[in-house]
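Since this is a predicted model, take the numbers as computed values, not measurements.
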Amino acid sequence: MRGGTLNYAVDAEPTCFDIHASQQDVTAAMLRNVFDSLVAQDDAGRFHPWLATSWDITDGLRTYTFHLRHGVTFTDGSAFDAAAVRANFAHIVAKQTRSQYAASLLGPYAGTDVVDPHTVRVRFSRPFAPFLQAASTTYLGFYSPKILAADAGELCAGGPRAVGTGPFSFTSHTRGQRVVLTRNPAYDWAPATAQHSGPAYLDRIVIRVLKENSLRVGALTSGQVDVAAAVPPVDARSVGADRKLRLLRKDVPGIPYSLYLNTSLAPFTDRRVRIAIQRGIDVDRDVGAVYFGQYRRAWGPLTDVTPSYDATVRQSWPYDPVKAGQLLDEAGWARHDGAGFRVRDGRRLSISWPVVPTYLRDQRDVLGQAIQADLRKLGVEITRPSLDVGTYLALSYGNKAQMLDFSWSRADPDVLRLFFNSASSPASGGQNMARLADAEVDRLTVAGAESLDRTARDDLYGRVQHDVLASAATVPLYAPSSILGVARRVAGVGVDPNAWPLFFDAWRVSR
């Protein structure tokens, strides 16, 4: 049962391996094997001990006191203690870290106090209910303080600098090819959600970067790899029917794959134009044609497996090209040029939707072509400039993009605050790419973050979902699913509440 190497194929690699700086799901998913968290979340949303054995929440959700596990060490031999927690949270909020997500997970962070070596107090300036869920994610995991002191500026490179307390060490990285993780033999502090204690069963995990779907699926079916991420919907049935393989799938909580219409830039400063775009896309047909029923069409700004999802958003904004055309006429875009595109004051109704080829997955380029065709019928030109990562980030975080697209994994409705509260500025780690400034959405998302009452949260976040759709700041497209292909010679592969794969309990049935 113990030993052996697991070969795992993925469709993308992080542009930055620093869990405190990166906002990418692939970073958190891959490095979950290297970095532990204070608490663990289960599929029912309950929290369990991990690096903290217990915790107290006081001062009206403003203070969280964690009692830390004894005997935990980083893979460089240094101790995990209260001072390490303080050093890591300080690194996250430091301006030089340029956190694109983790800083926002700390919300109204006010500081961390070392009570004693195994007791740490985390303070917030106002009630902050989502903190336990945030503290269960990789993004708020812990580096060795020695590394933070010596190499904080080099963490994006990954490799041996990625020193955590987890069941595996980050041994090596070959850009565009592979990441090698090696078992931590001293590991003896698995979360309460794990299936065994002590070190991981596997000796090594070799993560191979195979971006092409055909190569990744081919490597799985031929036995070159043991597990393949992101099995394409078109291949899901054949992989599931292969007696040597099985499918492990989990719907992803959080934000569905969606378009974000920048409400601060023309033409999307006009709500009528935003609604026209929203109603002018045949989402049912496009998603069905591209994903063969493997991904469900999304109706709201949360996926339907996310806590506080409001099912009444379904059917609330059906495809209606006639209404879309009327709204564009009312907004002054009634005339057409020789190519059939709408014009006003001598300017074409043209919207830029940038794309980074290295970020493309799930056949989103094909879905994008279908959306372009839908809107072309309305007389709206959609251009898709191909950009490098640096240019794209400068454009999107610098408020120069008219329309953006992405999904986001998080098992808590507080993700709505990160995406639609006006204070959630992209410049400070927030994700309000629609630049929505709605006082009611602000009030509701803040109130949701200040309550642990399930009924109250359902009401508050339900209203947010309807308000966001009414503003037409977003066009939800589909709810992603994590579809893993797993060889039957491997057992114990799991999936966490964020739909990220877990290999701590995995072992090879045969070698």
Side-chain angles (χ1 to χ4, degrees), residues 11-12 23-26 28-29 41 43-45 133 137 213 229-237 240 247-261 278 281-319 359-368 370-371 374 404-416 418-420 431 433-434 458 461-462 464-466 468-469 472-484 495-501:
D11 62 335
Q23 87 282 22
Q24 293 179 279
D25 282 355
V26 64
Q41 184 182 23
D43 286 334
Q133 195 282 327
T137 68
N213 289 337
V231 173
V234 68
D235 295 309
R237 288 184 181 178
L247 282 181
L248 184 61
R249 65 179 300 153
K250 190 179 186 70
D251 291 337
V252 179
I255 299 290
Y257 178 64
S258 308
L259 301 179
Y260 294 88
L261 315 184
Q278 190 185 66
I281 300 172
D282 193 347
V283 179
D284 278 317
R285 185 194 64 186
D286 296 347
V287 170
V290 175
Y291 299 115
F292 303 92
Q294 294 294 321
Y295 296 160
R296 296 191 305 279
R297 179 251 168 91
W299 282 103
L302 289 181
T303 67
D304 59 7
V305 296
T306 311
S308 296
Y309 170 76
D310 188 339
T312 64
V313 299
R314 293 173 181 164
Q315 306 296 331
S316 63
W317 51 282
Y319 175 55
Y359 279 179
L360 280 174
R361 57 188 177 91
D362 289 355
Q363 293 185 286
R364 291 176 178 179
D365 53 338
V366 179
L367 182 60
I371 291 169
D374 288 341
L404 295 169
D405 64 298
F406 39 85
S407 57
W408 207 271
S409 175
R410 189 179 178 194
D412 193 283
D414 182 57
V415 71
L416 291 170
L418 300 181
F419 271 75
F420 299 109
Q431 299 301 323
M433 293 300 185
D458 287 350
Y461 289 121
V464 172
Q465 291 164 66
H466 281 280
V468 166
L469 288 173
T474 183
V475 184
L477 296 173
Y478 70 82
S481 288
S482 172
I483 306 178
L484 291 174
V495 184
D496 80 355
N498 296 290
W500 299 331

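Smallest separation of non-hydrogen atoms from Val252 and Ser482: CG2-N, 3.8 Å. Taking all atoms of both residues into account, the shortest heavy-atom contact from Pro501 to Leu484 is CB-CD1, 3.8 Å. The minimum heavy-atom distance linking Pro256 with Pro301 is given by the pair CD-O, 3.4 Å. A pairwise comparison of heavy atoms in Ala28 and Trp500 identifies CB-CH2, 3.4 Å as the closest pair.
When atom types are taken as modelled, the side chain of Ser409 and the backbone of Asn498 share a donor-acceptor pair closer than 3.5 angstrom. Between the side chain of Gln363 and the backbone N or O of Pro232 there is no donor-acceptor pair closer than 3.5 Å. Within the 3.5 Å criterion, the main-chain N or O of Asp414 finds a donor-acceptor partner in the side chain of Asp412. Looking at Trp317, its side chain never comes within 3.5 Å of a backbone N or O of Gly300 through a donor-acceptor pair. The closest donor-acceptor contact from the side chain of Tyr291 to the backbone of Arg297 lies at 3.5 Å or more, if one exists at all. Side-chain N or O atoms of Gln465 include one that pairs as donor or acceptor with a backbone N or O of Asp310 at under 3.5 Å. With Gln294 contributing its side chain and Asp235 its backbone, the two residues share no donor-acceptor pair below 3.5 Å.
Here Tyr295 and Tyr257 keep their ring centres 6.0 angstrom or further from each other. The distance between the ring centers of Tyr461 and Tyr309 does not fall below 6.0 angstrom.
Contact of the Gln41 side chain with the Asp496 side chain is not registered, since no non-hydrogen atoms from C-beta on lie closer than 4.5 Å.
Between Asp284 atom CG and Leu477 atom CG the span is 11.0 Å, to the nearest 0.5 Å. Taking CD of Gln431 as the start and CG of Leu416 as the end, the distance is 13.0 Å to the nearest 0.5 Å. Put simply, CD on Gln278 and CG on Leu469 are 6.0 Å apart, with the number rounded to the nearest 0.5 Å. Rounding to the nearest 0.5 angstrom, the gap separating the CG atom in Asp25 from the CZ atom in Phe406 is 11.5 Å. Here Asp405 contributes atom CG and Leu261 contributes atom CG; the two are 11.0 Å apart, rounded to the nearest 0.5 Å. How far CZ of Arg364 is from CG of Leu367: 9.0 Å, rounded to the nearest 0.5 Å.
A donor-acceptor contact closer than 3.5 angstrom links the side chains of Ser481 and Asp251. Donor-acceptor pairing under 3.5 Å is lacking for the side chains of Arg410 and Thr303. Residues Tyr478 and Asp286 have side chains that never bring a donor and an acceptor to within less than 3.5 angstrom of each other.
Salt-bridge check for Arg296 with Asp304: passed, with a basic side-chain N closer than 4.0 Å to an acidic carboxylate O. The pair Arg361-Asp11 does not count as a salt bridge, with every side-chain nitrogen at least 4.0 angstrom from each carboxylate oxygen.
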Audit row: Val495, Arg249, side chain to side chain contact (heavy atoms under 4.5 Å, CB included) steps and yes/no: CA-CA 8 Å; Val495 184; Arg249 65 179 300 153; over 6 Å; no
Worked check of side chain to side chain contact (heavy atoms under 4.5 Å, CB included) between Ser258 and Thr474: CA-CA 7 Å; Ser258 308; Thr474 183; 3.5 Å; yes
Pair Val475-Ile281, side chain to side chain contact (heavy atoms under 4.5 Å, CB included): steps then yes or no: CA-CA 9 Å; Val475 184; Ile281 300 172; 4.2 Å; yes
Verdict with reasoning, Trp408 to Gln23, per side chain to side chain contact (heavy atoms under 4.5 Å, CB included): CA-CA 9 Å; Trp408 207 271; Gln23 87 282 22; 3.3 Å; yes
